[in-house]
Amino acid sequence: MLARMIAMEIRAKTRTILAQMPLILLIGPAYALLWEAEEALSLFPSLVCLSVWEYMRVTAYDEDISKAWPFLRSLPIQPRQIVSVRYVASILVFVAYGIVALGIIFAMPGLRSAAHPGSLLVAIGISLGVGLVLIGLPNWLYYRGGYAAISTAVLRSAVPLVAVGIFLISPLGKSEAVVALFSKAAQAGKWAIEHPMPSIVIWIAVACCIVAVSWNRSIASFSRKEF
């Protein structure tokens, strides 16, 4: 039953899935032809994550406009099943985008020769963690307050970033405490670079925890809604 619902969800979102595909199919190869292969190789994980983000955003917007929640809740289906279908379908779409990116990399000789197994594995691990976070958090926000909650979160997240930027260029940002904090962060970053595999494992584990928590929160939020 659940597999059939997931297949129906993906089939219903075919246009949305294909609409984000040019980000990978066009921008990545064009960048590879214009610039160095190694630089283009580093672009593909970002394109995959951007594609899955756009898929999540457009899907949430379309469902919000079409008022899909009341219809879904009127069906003889548990809220847990409805939320699980969306999460699993989103993860499968993300994996499909990644497979397309890998296919382009191995289809282009210049990219294939630059794709060292170690660096490629690191890129896959980092993008996997980022992609899972981009699936978990938007879904949780969506089931909590609809597309408006996602838009509000994006706008609100820009405020602290601007505040931090202003703080860092001010005299307070050059204090000993801030410099010491950045020194410790740099040491942690150096350790992550020197030990890529443990860093990737930790990052993916954190991302999986975020998805698991957001999954449960989404089910709880959707179960409490009344229409």
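Note that the structure is a prediction, hence the values are computed from the model and not measured.
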Side-chain donor-acceptor pair under 3.5 Å between S214 and Y87, yes or no?
yes
Heavy-atom pair of closest approach, residues L141 and A153:
CD1-CB, 3.6 Å
So does R144 get a backbone contact from the side chain of S221, meaning a donor-acceptor N/O pair under 3.5 Å?
no
Side chain to side chain contact (heavy atoms under 4.5 Å, CB included) between F94 and L134, intermediate numbers included
CA-CA 10 Å; F94 172 47; L134 291 177; over 6 Å; no
All heavy atoms of G98 vs all of V48, minimum pair found to be N-CG1, 4.0 Å
pair W215-S84: side-chain heavy atoms closer than 4.5 Å:
yes
Do M108 and P29 have side chains that approach each other closer than 4.5 Å (heavy atoms only, starting at C-beta)?
yes
From E54 CD over to Y61 OH, what is the distance, rounded to the nearest 0.5 angstrom?
13.0 Å
Heavy-atom nearest pair, G129 first then A207, reads O-CB, 3.4 Å
Would you say that L23 contacts S51 through its side chain, given a criterion of any heavy-atom pair below 4.5 Å between the two side chains?
yes
Spacing of CD1 belonging to I204 relative to SG belonging to C209, to within rounding of 0.5 Å:
12.0 Å
The test is side chain to side chain contact (heavy atoms under 4.5 Å, CB included); show your working for I124 and L102 and say whether it passes.
CA-CA 9 Å; I124 292 173; L102 288 175; 4.1 Å; yes
Could you tell me if the side chain of I27 sits less than 4.5 Å from the side chain of L43, heavy atoms only?
yes
Stepwise, does the side chain to side chain contact (heavy atoms under 4.5 Å, CB included) test hold for W140 with V213?
CA-CA 9 Å; W140 173 52; V213 171; over 6 Å; no
A quick test of your reading: do over 12 heavy atoms of other residues, nucleotides or ligands sit less than 6.0 Å from CE of M8?
no
Testing I6, I10, I77 one by one against V85 for a side-chain contact (heavy atoms from CB on, under 4.5 Å), which residue passes?
I6
Considering all heavy atoms of both residues, which atom of L132 and which atom of C208 are nearest to each other, and what is their separation?
CD1-SG, 4.0 Å
If we only count heavy atoms from C-beta on, is the Q20 to V58 side-chain gap below 4.5 Å?
yes
Say you draw a straight line from OH of Y55 to CG of L50; how long is it, rounded to the nearest 0.5 Å?
15.5 Å
Enumerate the residue pairs fulfilling salt bridge (Lys or Arg N to Asp or Glu O under 4.0 Å) with a member in residues 86-103, sequence neighbours excluded, ordered by first and then second residue.
E63-R86
Do the side chain of Y147 and the main chain of I65 share a donor and acceptor less than 3.5 angstrom apart?
no
Within this structure, what is the CZ-OG distance for the pair R80 and S223, rounded to the nearest 0.5 Å?
7.5 Å
Find out whether S90 and N139 are in side-chain contact, i.e. whether some heavy atom of one side chain is under 4.5 Å from a heavy atom of the other.
yes
Report the residues that fulfil ring pair (Phe, Tyr, Trp, His ring centres under 6.0 Å) with W53, sequence neighbours left out, ordered by chain and then residue number.
none
Closest heavy-atom pair, P79 versus F222, reported as atoms and distance to 0.1 Å, is CB-CD2, 3.8 Å
Between D64 (side chain only) and A60 (backbone N and O only), is there a donor and an acceptor less than 3.5 Å apart?
no
To the nearest 0.5 Å, atom CG of L18 lies from atom NZ of K13 at 13.5 Å
Check Y143 against S218 and note the closest heavy-atom contact, atom names and distance.
CD1-CB, 3.7 Å
Any donor-acceptor pair under 3.5 Å linking the side chain of W203 with the backbone of I126?
yes
Between CZ of F44 and CD1 of I24, what distance do you get to the nearest 0.5 Å?
8.5 Å
Is there a side-chain contact between V52 and V130 (heavy atoms, below 4.5 Å)?
no
Under 3.5 Å, side chain of T59 to main-chain N/O of M56, donor-acceptor pair present?
no
